[in-house]
Amino acid sequence: AGLGDLGTVSGSVGIASAICCIAGIAGLANQETARTGNVLGMAGVGFGLAATTADMSLAGASATAFEQVGLLGGAGSAIGATIASGVGPTELPQTVAAFHSLVGIAAMAGAAGEYLGNAGDLGAGTLSAIYLAIFIGGITATGSMIAFGKLAGLLKPAALSLPGRDQINLAGLTLCAGGMAAFLNPSLGTDALSMDPENLRLASLGLVAGVSSLLGLHLTASIGGADMPVVITILNSYSGWALCAEGFLLSNALLAQIGALIGFSGAILTWIMCEAMGRNVVSVILGGAGTAAPAAGGSDNSQFEGKEVKIATVDNIGETLAEAENIIIVPGYGLAVSQAQFAVADIAKKLKSSGKNIRFGIHPVAGRMPGQLNVLLA
């Protein structure tokens with residue numbers, strides 16, 4: 001194939017999309033490159049849409065199909081732009097959680113559509129991808145809805161602690177595993193349940209969709225509001241694996257690549273945040289498994305008794321900054337609430353112009369969402 005061949009162009013644009021997405025995530029790691037990282041991320045999505053359009057043409061899609069995609073894409077873009085334009089600095093976490101729920105729903109719908117449109121002609125690998133996409137999508141969809149409710153103040157932040165919480169989660173996972181076995185090999189249950197293979201497979205898909213949705217709800221509700229930033233990264237990772245399953249399902253290398261990127265980056269960030277917050281990563285992933293319910297009567301503050309309290313004023317902070325050569329600024333959630341990023345950026349610029357060495361020490365969970373303060377300070 002020549003350089004002008006549409007298949008070659010589609011593959012090249014897909015590679016460019018993956019590179020831009022990877023570079024975008026890297027760019028969001030610090031304030032100086034966060035704005036560039038944001039632009040690269042948008043470019044990566046744009047290239048991905050272009051590659052997908054080329055693949056549709058190669059597959060022989062009709063003009064009507066392109067019209068439908070354009071209409072839905074335009075409507076989605078308008079809705080997304082409208083919602084995003086009204087989001088303030090402190091509302092980013094719940095907005096991300098809400099969008100994650102849409103990813104989960106899309107994964108479930110795409111997998112179900114692929115099965116219903118090709119029933120009887122699918123191999124074991126494709127069937128596995130369908131089942132896993134619905135399982136992960138169900139957890140992501142309802143878990144993200146609960147995270148949104150807690151972050152937005154619509155639900156109580158306290159962790160739900162039902163009797164036998166861990167046993168409930170284990171039972172749900174066992175049901176989903178049994179459903180997958182029946183879905184891949186219907187002969188295991190046709191005799192016992194007196195069902196034909198096709199109906200058994202449809203029942204298995206309905207089972208995993210319902211149980212995984214309940215699991216996502218219960219797992220997230222069992223985690224307190226203070227740990228919701230970690231939950232967001234977990235759900236982000238889940239949405240990536242759902243996309244990866246969709247990529248294998250649709251034989252779309254770009255979708256699998258981006259899904260794996262999101263899945264791995266979300267998993268790594270989850271581990272970093274759990275380490276920073278002193279949380280057990282396995283316990284958080286499993287909805288607080290193995291942890292006791294919080295005791296009544298509030299927290300113990302005895303470790304702070306007898307400690308010296310230092311009160312700062314504007315004057316002595318100014319004197320300290322003028323005398324210091326190396327300065328580390330440690331912003332937090334208050335920066336987003338007060339929208340003080342512009343004032344902090346101006347201070348940093350003036351201090352740098354005076355020859356000071358300015359650095360930012362940003363906690364992985366500062367601002368309720370990883371990377372939020374980097375974007376604000378960009």
[atom1]-[atom2] distance between [X] and [Y], expressed to the nearest 0.5 angstrom:
X: Gln257; Y: Ile15; atom1: CD; atom2: CD1; result: 7.5 Å
X: Trp271; Y: Ser237; atom1: CH2; atom2: OG; result: 15.0 Å
X: Glu246; Y: Ile258; atom1: CD; atom2: CD1; result: 15.0 Å
X: Arg359; Y: Ile329; atom1: CZ; atom2: CD1; result: 11.5 Å
X: Leu207; Y: Ser212; atom1: CG; atom2: OG; result: 9.0 Å
X: Met108; Y: Ile139; atom1: CE; atom2: CD1; result: 10.0 Å

Where do Thr220 and Ile234 land on the side-chain contact (heavy atoms from CB on, under 4.5 Å) test, with the steps shown first?
CA-CA 10 Å; Thr220 309; Ile234 293 173; over 6 Å; no

Exercise. Starting from the C-alpha separation in whole Å, work towards a yes-or-no answer on side-chain contact (heavy atoms from CB on, under 4.5 Å) for Gln94 and Val87.
Key: CA-CA 10 Å; Gln94 53 262 46; Val87 174; over 6 Å; no

Is it the case that one hydrophobic cluster holds both [X] and [Y], taking links as side-chain heavy atoms less than 4.5 Å apart, direct or via other members?
X: Leu243; Y: Ile105; result: no
X: Met56; Y: Val9; result: no
X: Leu160; Y: Leu235; result: no
X: Leu214; Y: Leu219; result: no
X: Leu351; Y: Val344; result: yes

Between [Y] and [X], is there a side-chain heavy-atom distance shorter than 4.5 Å?
X: Leu170; Y: Asp166; result: no
X: His100; Y: Ile232; result: yes
X: Phe148; Y: Leu154; result: yes
X: Arg35; Y: Asn38; result: no
X: Arg201; Y: Leu127; result: yes
X: Trp241; Y: Phe135; result: no
X: Asn169; Y: Leu215; result: yes
X: Phe99; Y: Val96; result: no

Smallest separation among heavy atoms of [X] and [Y], with atom names:
X: Tyr238; Y: Thr140; answer: CB-OG1, 3.2 Å
X: Ala159; Y: Ile223; answer: CB-C, 3.8 Å
X: Phe66; Y: Ala61; answer: CE1-O, 3.7 Å
X: Val230; Y: Cys274; answer: CG1-SG, 3.6 Å
X: Val211; Y: Cys176; answer: CG1-SG, 3.6 Å
X: Ala111; Y: Ala133; answer: CB-CB, 3.8 Å

Using only atom types and a distance under 3.5 Å, with no angle test, would you say the side chain of [X] pairs donor to acceptor with the backbone of [Y]?
X: Ser17; Y: Phe47; answer: no
X: Tyr131; Y: Met180; answer: yes
X: Lys150; Y: Ala221; answer: yes
X: Asn185; Y: Ala181; answer: no
X: Ser353; Y: Lys350; answer: yes

| query | Passes side-chain contact (heavy atoms from CB on, under 4.5 Å), Leu205 versus Ile130? Steps please. | reply | CA-CA 9 Å; Leu205 286 184; Ile130 288 172; 4.2 Å; yes

Only counting residues at least two apart or in another chain, list the ones meeting side chain to side chain donor-acceptor pair (under 3.5 Å) with Asp315.
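Asp315 satisfies side chain to side chain donor-acceptor pair (under 3.5 Å) with no other residue.
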
>> Side chains of Ser144 and Ser101: any donor to acceptor distance under 3.5 Å?
In response: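 Note: Ser101 and Ser144 side chains miss the donor-acceptor criterion.
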
Between Phe183 and Tyr115, how do the two ring planes meet: parallel, tilted or perpendicular, split at 30° and 60°?
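Aromatic pair Phe183/Tyr115 classed tilted.
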
Working note: Gln68 + Leu71, criterion side-chain contact (heavy atoms from CB on, under 4.5 Å); need CA distance, chi angles, decisive distance, verdict. CA-CA 5 Å; Gln68 292 172 345; Leu71 178 62; 5.8 Å; no

Run the side chain to side chain contact (heavy atoms under 4.5 Å, CB included) test against Ser265 and tell me which residues pass, sequence neighbours left out.
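Per chain and number, Ser265 pairs via side chain to side chain contact (heavy atoms under 4.5 Å, CB included) with Ile25.
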
Query raised in the report: Among Asp55, Thr53, Thr52, whose side-chain hydrogen bond (donor to acceptor under 3.5 Å, both in side chains) with Ser10 holds?
Result: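 Result: among Asp55, Thr53, Thr52, Asp55 is the only option passing the side-chain hydrogen bond (donor to acceptor under 3.5 Å, both in side chains) with Ser10.
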
